[in-house]
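Data block below; observations after.
Whatever order the structure lists them in is the order used to number ligands and atoms, beginning at 1.
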Amino acid sequence: MSTTTGALKPREVPEIDARSRRLVTIWLATMLAAFVVMVILGITMRLNQGAAIKLMPNTFYALMTMHGLGMAGGLFTAGVVLIWYLTALRFQMNHTVMWVCYVLVLIGVVGVLAATLVGHFAAGWYALYPLPFVNAAWPSWTIGTTIVSLMILGVAWLVMQMDIMRVLAAGYGLKRMFGLEYYKGEPAEPLPPAVMITAVCATAGILGTVVGAATLIIYLFKWVTPATQFDPLLLKNTMFMFGHTIVNVAMYCGLGVMYQLMPAYTKRPWKVNRLLVISWNATLVFILFAYFHHLYMDFAQPKAIQILGQIASYGSALPATAVTIFGVGSQLYRSGIKWTLTPFAFMMSVVGWGIGGAAAVIDATIAVNRVFHNTLWVPAHFHTYFLVGFVLILFGFLHHHLNSRAERLAGTGFVTMLVGGYGFVLMFYLGGLSSVPRRYADYSAIPLPSVSQPGTHYALWGALFASLFLLGALVFFLSNGIGRRSPGEAAVAGAGARG
Ligand code: HEM
């Protein structure tokens with residue numbers, strides 16, 4: 001019996017209806033198509049850094065800008081769709097809102113594609129102020145188009161996340177959806193962990209998006225009236241608050257799906273307890289300030305904030321990682337699980353998240369950052385927890401969601417992705433350890449052979465491994481197309497997932 005305090009009652013048995021299922025499929029198919037295009041841009045960049053092809057520098061940086069924006073924005077969007085799915089399992093959602101946002105996202109993506117690939121806007125994915133406006137090698141229309149396109153994307157993200165929060169608040173009440181009842185003891189009606197994680201993600205995502213919107217309004221102002229001046233350090237803070245927060249939130253959205261679906265495969269409940277509530281709420285607080293670690297080299301930033309940045313970086317990574325790794329361990333230990341692709345993908349994503357998170361914490365340590373700052377170690381860590389972390393959850397989810405039964409083909413594609421993915425990120429780490437700087441189109445200009453030679457060498461290997469990853473991903477997509485469970489089989493296989 002549901003004794004929920006909200007105005008909406010969650011379904012007794014979480015279940016996705018056919019319309020919501022189709023909506024999620026279309027959203028994710030679109031995001032994954034964009035993902036493949038962005039991977040191809042990434043391989044092209046790595047081939048250029050590996051001296052296998054020759055791009056003009058402005059072309060390289062336009063590709064890099066598009067790749068960064070497309071990957072970070074696309075995967076964050078996919079993350080929001082995942083938490084929408086978690087909410088749609090329990091409540092009737094408003095589909096019109098999602099379709100309007102879908103159109104907005106497409107408009108935003110087309111705008112960014114035009115500005116970068118046609119107009120060669122190349123200020124990097126977070127286009128730090130005043131870079132887009134000073135001695136720009138790209139035409140003015142590309143600046144305005146990028147700003148307006150990002151604003152359109154921001155509106156879509158904000159609306160989707162606020163709609164999720166509206167439904168959760170109506171269904172569970174504001175206090176309950178964050179699990180705050182658990183501070184007093186075990187509540188009469190347990191809260192599903194996926195609901196709490198959804199609330200944490202949407203809150204952080206909304207705050208990040210609002211700060212991003214404010215930043216973009218200032219950028220728009222500068223574009224329209226170039227004589228105005230703003231504080232670069234303030235805008236660096238707000239831009240990173242936006243960018244760093246949304247990419248972290250994407251990962252946490254994926255974890256929400258794992259908390260929801262893993263029990264279907266282990267046949268064990270994954271319950272909320274006080275420790276889980278404390279960890280996830282602490283993550284919500286820390287994640288908003290963890291971005292300070294990107295500003296360690298900004299000496300005008302007050303020292304106290306730098307120290308807070310180190311504490312928040314550890315605080316945002318450690319509690320959620322610890323409880324999740326422990327939770328996955330206790331889900332799996334002697335569960336007699338039948339290893340199909342979805343639970344395997346979930347487990348491997350936690351491994352990738354753990355490795356990428358550890359590398360991030362190393363880099364967020366002030367003493368280490370003095371050496372690693374702006375080396376390839378930085379892309380190494382975030383590519384790890386995205387490519388062999390979040391993306392694996394997304395693939396595992398897709399396999400489950402599409403009721404795929406081509407386990408062998410999916411597994412072959414998946415293992416190929418793992419080998420390619422880990423090989424690719426390893427080349428970034430090795431580059432970082434050899435002091436190879438990030439964001440260099442071509443390492444041959446570096447007058448130190450001890451840096452330029454390994455940089456070029458690792459880049460070429462990185463391109464080969466990334467191509468292997470892409471091949472694996474394509475095989476995996478093929479597996480989803482050729483083997484599906486019948487509705488009856490899917491109902492049996494997915495029974496536990498709904499709990
Ligand atoms: C196999 C897949 C991928 C390949 C081949 C690839 C390749 C690259 C390369 C070569 C760079 C430039 C590194 C540098 O020298 O600084 C880069 C940067 C970047 N990548 Fe990827 N990447 C891949 C996947 C991803 C994923 C999954 C994400 C998700 C967030 C991502 C986000 C970014 C971002 C944000 C940047 C920084 C762009 C900037 O500095 O403006 N990439 N990637």
Side-chain angles (χ1 to χ4, degrees), residues 31-32 34-50 52-53 55 57 60-79 112 116 121-128 131-132 146 239-240 243-244 246-251 254 294 349 352-353 356 360 373-395 416-429 431-432 436-443 446 455-456 458-474:
M31 291 306 121
L32 286 169
F35 171 75
V36 169
V37 176
M38 295 308 129
V39 170
I40 293 170
L41 296 191
I43 294 172
T44 312
M45 284 190 285
R46 222 51 190 127
L47 283 173
N48 194 63
Q49 290 173 328
I53 58 171
L55 297 174
F60 177 91
Y61 289 110
L63 295 190
M64 190 187 80
T65 304
M66 183 64 235
H67 169 84
L69 281 172
M71 283 294 193
L75 294 181
F76 174 62
T77 310
V112 178
T116 51
F121 177 76
W125 85 281
Y126 37 71
L128 279 186
L131 179 60
T146 306
M239 194 53 117
F240 272 104
H244 183 268
I246 65 162
V247 291
N248 276 262
V249 166
M251 183 71 213
H294 284 276
S349 80
W353 180 46
H373 189 83
N374 272 354
T375 65
L376 283 180
W377 187 273
V378 181
H381 85 252
F382 66 75
H383 279 88
T384 310
Y385 60 63
F386 263 106
L387 197 63
V388 286
F390 177 69
V391 168
L392 302 190
I393 296 194
L394 211 53
F395 278 56
T416 311
M417 281 168 63
L418 281 180
V419 175
Y422 273 103
F424 166 69
V425 294
L426 180 65
M427 294 306 123
F428 270 155
Y429 283 114
V436 179
R438 68 180 292 199
R439 294 190 181 134
Y440 263 56
D442 176 356
Y443 302 122
I446 300 173
T456 310
Y458 294 140
L460 198 55
W461 277 103
L464 291 175
F465 278 118
S467 306
L468 194 63
F469 174 91
L470 181 61
L471 178 71
L474 295 177

**Message:** Can you tell me which portion of His383 lies within the under-4.0 Å heavy-atom range of ligand 1? Options are side chain, backbone, both, or neither.
**Reply:** side chain

**Asked** Where does the angle between the aromatic ring planes of His383 and His67 fall among parallel (under 30°), tilted (30 to 60°) and perpendicular (over 60°)?
**Response** parallel

**Request:** Using a 4.0 Å heavy-atom threshold (strictly under), name the region of Leu376 that reaches ligand 1: side chain, backbone, both or neither.
**Result:** side chain

**Prompt:** Does ligand 1 have any atom that is closer than 4.0 Å to a heavy atom of Ile43?
**Reply:** yes

**Message:** Please check if the number of heavy atoms outside Trp461 that lie under 6.0 Å from its CH2 is greater than 12.
**Reply:** no

**Item:** Heavy atoms of other groups near Tyr126 OH, more than 12 under 6.0 Å
**Value:** yes

**Item:** Minimum-distance protein heavy atom relative to atom 9 (C) of ligand 1
**Value:** Met45 CE, 3.6 Å

**Message:** Applying a heavy-atom cut-off of 4.0 Å, say which part of Leu75 lies close to ligand 1: side chain, backbone, both or neither.
**Reply:** side chain

**Prompt:** When only distance counts, is Tyr126 in polar contact with ligand 1, meaning an N/O pair under 3.5 Å?
**Reply:** no

**Prompt:** If we only count N/O pairs under 3.5 Å, is Arg439 in contact with ligand 1?
**Reply:** yes

**Message:** Is there a polar contact, in the sense of an N or O pair closer than 3.5 Å, between Arg46 and ligand 1?
**Reply:** no

**Fill in**
Restricting His67 to its N/O/S atoms, the closest one to atom 21 (Fe) of ligand 1 is NE2

